[in-house]
Amino acid sequence: GAFTALAVLSFAAFVFAGGADLGSADGYVVVLAKSRDGLPFGADPGNGEAYRLSAFTCDEGVTTLDTDRVNDDYCDCADGTDEPGTSACSNGSFHCSNRGAQSESIPSSRVNDGVCDCCDGGDERYGGRVTCANTCSDAGASRRDELVAQVQDTKMGLARKKNAIDSAPAERKRWLELKQKLTKDVAAAAAKTESARETERSAREASEKANELVAQFNTVADAVDATSRQDDTSEGNGDSRHGSDAGEESKDESKDESKDSAEEASSESSEIPSPEIPPGETDEERGQRIAKQWIKSDSESTTGDTSADDEAVTGETEKQRTKETPLLLDVDDDGEATDGGKTKKSFFSLGNWFAGKGDGKTTVQSSEEKAARAKLAKAATVLASATTALTAAEKKQKETQAELTKVELDLSRFVGPSAEYQHMLGACYAAKIDKYSYTVCPFGEAKQGGTKLGVMEPLEPPDTTTTGSHTTFRFTDGEHCWNGPKRSIAVSLACAGEPKLGGVTEPSRCEYHAVLTTPAACDDAQLVSLESELRELEVDVAEAAAEARGEELR
């Protein structure tokens, strides 16, 4: 009895001195001491006010408990906040103070599970299963180095952000000046294009006219070729004089057959009127005779048609008539016609009509035709040059207009409250994650390799309902996934001295997330928070080191 009474008194004295609560672990009653700031064991200092009241309220004010029911190893609150220091609530949270290192929170289900999760061993302090060594000193030193680096990086980011903001007005002014210049350039390019178009139109008309003139010569030449072919047929249809020549050129055994065929053809052709071919006719004489059939003399125009019998003449008579009274003017090779000592310009030179008969076709090359063809060639060259100039002018106008449109669009964009994102216009950031390459262009497109993930949604100026700066760039309306939604990506901005794309994940199918570190995301509040954490950590490290030395002395 005396021993029991002594034990009760000792326990009561401990509770009074330490302000402890009761808890249990594996059926044993343990004492859960409060933290230095008077909070229940395992409670997050960020929610400290809820535990300092005379009554504890949880479940968003729905449930109210007496404070002695906090950490009693029974889950009274649906949100699990009444058991921060035990594993009674599966959804609870245990706060590791980790003095000398970075504090953290772990699921309360990991409390007293025999595994050291907190560097100070606080999660296993009252479990009795394992004794955890305090490694916060080493962890604190590592965290301190991280904080020092973050503070320096944030300071660099803030400095670069300030430079970007300070230079934004001057850059915008340059864009406005460029807009004015491009507006004039577009007008000048449009005028040049219109002038080139008019020049091309005139050159095309000139080329068409030159082509029509050459076509007239081609028409006459085709007609002469047709008549020439008819004469060649007549020559082979039984003229006795020409037939004898042909017979001499043929083989001996085919003489009789050729003669019989010629007589039959002659008999048949006698029924079809055709001009008789004078023997020994020269090219010049043939040209005159053929042209006579196509060009009427002045007397024929006034007296009407002449009978075929009057126009048909024998070869000898035709030659005599030509010598005594020429039907046409004598034409030299240059297209000059002479008549009684007078020189006249002829429309075409008959002397040149039969300059070559290599393929059986007549080559017509009068001086007028030569001039017409030369004019056509020159017109074609001028047209080609004008077309090239028009194409170049239209291309230049299109490029200048596109440049002006881009400048106008950039000037119309909202680029942050202080224009901190303005320097990102036209910039792109790339990263390779595993086997995929990603590219993010703020105010432009985002891609995965060659696949379009989306186009960035415009930033909207903050209003009375929004606070702070934009911390996420959203790219939507990308290419369709196979049998799925359109691709999209949300890019979170994080503070850093250097821009870098990374942390690409795919939380949902074809919906991606990435992190872009950039000076534009830095702010003074971040720096203040980091410096405050660094100071506190240095104090904790010093105190933890002192405690460790004291324990060693004891």
Side-chain angles (χ1 to χ4, degrees), residues 60 78-80 90-93 104-107 109-110 157 161 398-399 401-403 405-417 419-523 526:
E60 298 182 351
D79 59 12
S90 61
N91 60 337
S93 178
E104 61 178 333
S105 294
I106 62 174
S109 60
R110 292 161 64 179
K161 178 181 180 180
K398 183 178 180 180
E399 291 175 348
Q401 181 61 58
E403 190 176 357
T405 301
K406 181 182 182 303
V407 171
E408 290 176 337
L409 180 60
D410 288 343
L411 285 170
S412 67
R413 297 182 190 275
F414 175 72
V415 289
E420 61 268 26
Y421 304 128
Q422 181 173 295
H423 70 283
M424 292 184 172
L425 287 169
C428 293
Y429 308 95
K432 187 168 185 179
I433 310 297
D434 295 330
K435 62 180 180 179
Y436 297 104
S437 296
Y438 296 88
T439 304
V440 171
C441 303
F443 305 98
E445 293 183 347
K447 292 184 177 182
Q448 181 194 63
T451 303
K452 179 180 173 183
L453 299 182
V455 178
M456 181 172 162
E457 296 179 350
L459 298 180
E460 298 294 337
D463 52 30
T464 56
T465 62
T466 60
T467 57
S469 60
H470 299 78
T471 57
T472 303
F473 290 168
R474 300 187 182 279
F475 296 77
T476 56
D477 199 26
E479 294 183 25
H480 267 291
C481 275
W482 183 82
N483 199 25
K486 285 188 174 181
R487 291 175 171 83
S488 64
I489 183 170
V491 181
S492 298
L493 305 184
C495 171
E498 295 285 350
K500 183 179 179 181
L501 180 66
V504 182
T505 58
E506 188 177 0
S508 299
R509 185 185 179 197
C510 298
E511 295 180 358
Y512 301 85
H513 180 268
V515 177
L516 176 63
T517 60
T518 170
C522 297
D523 60 51
Q526 291 174 322

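Only a predicted model underlies this, so the values are computations on that prediction, with no experimental measurement involved.
To the nearest 0.5 Å, the span separating OG1 on Thr471 from CG on Leu516 amounts to 12.0 Å. To the nearest 0.5 angstrom, Cys441 atom SG is 11.0 Å from Met456 atom CE. Rounding to the nearest 0.5 Å places CD of Gln401 at 14.5 Å from NZ of Lys406. Atom OH of Tyr438 sits about 4.0 Å away from atom CD of Gln448, to the nearest 0.5 Å. With rounding to the nearest 0.5 angstrom, the NZ atom of Lys161 is 7.0 Å from the SG atom of Cys522. Here Leu501 contributes atom CG and Lys432 contributes atom NZ; the two are 14.5 Å apart, rounded to the nearest 0.5 Å.
Using modelled atom types, one side-chain atom of Thr518 and one backbone atom of Ala520 make a donor-acceptor pair closer than 3.5 Å. The backbone N or O of Leu425 sits nowhere less than 3.5 Å from a side-chain atom of Asp410 that would complete a donor-acceptor pair.
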_Evaluate Lys447 against Glu445 for side-chain contact (heavy atoms from CB on, under 4.5 Å), listing each step before the verdict._
CA-CA 7 Å; Lys447 292 184 177 182; Glu445 293 183 347; 3.3 Å; yes

*asked:* Please evaluate residues Phe475 and Glu457 with respect to the criterion side-chain contact (heavy atoms from CB on, under 4.5 Å), reporting the C-alpha separation (whole Å), side-chain torsions for both, the decisive distance (0.1 Å), and the verdict.
replied: CA-CA 6 Å; Phe475 296 77; Glu457 296 179 350; over 6 Å; no

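Closest of all the heavy-atom pairs between Phe414 and Pro417 is CZ-N, 3.5 Å. Summarising the geometry of Gly157 relative to Pro519, their closest heavy-atom pair is O-CB, 3.4 Å, with the distance given to 0.1 Å. Closest non-hydrogen pair, Arg487 versus Tyr512, comes out as NE-OH, 4.3 Å.
A ring-centre distance under 6.0 Å is found for Phe473 and Tyr421.
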Under 3.5 Å, which donor-acceptor pairs link side chains of residues 488-498 to any protein atom two or more places apart or in another chain?
residue: Ser492; atom: OG; partner: His513; partner atom: NE2; Å: 2.7
residue: Glu498; atom: OE1; partner: Arg160; partner atom: NH1; Å: 3.3
residue: Glu498; atom: OE2; partner: Arg160; partner atom: NH1; Å: 2.6
residue: Glu498; atom: OE2; partner: Arg160; partner atom: NH2; Å: 3.2

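The environment of Tyr436 atom OH is sparse: at most 12 non-hydrogen atoms of other residues, nucleotides or ligands sit within 6.0 angstrom. Within 6.0 Å of CZ on Arg110 lie more than 12 heavy atoms contributed by other residues, nucleotides or ligands. Around NZ of Lys500, the count of heavy atoms belonging to other residues, nucleotides or ligands within 6.0 Å does not exceed 12.
Looking at heavy atoms from C-beta onward, Ser109 lies out of side-chain contact with Ser90 at the 4.5 angstrom threshold.
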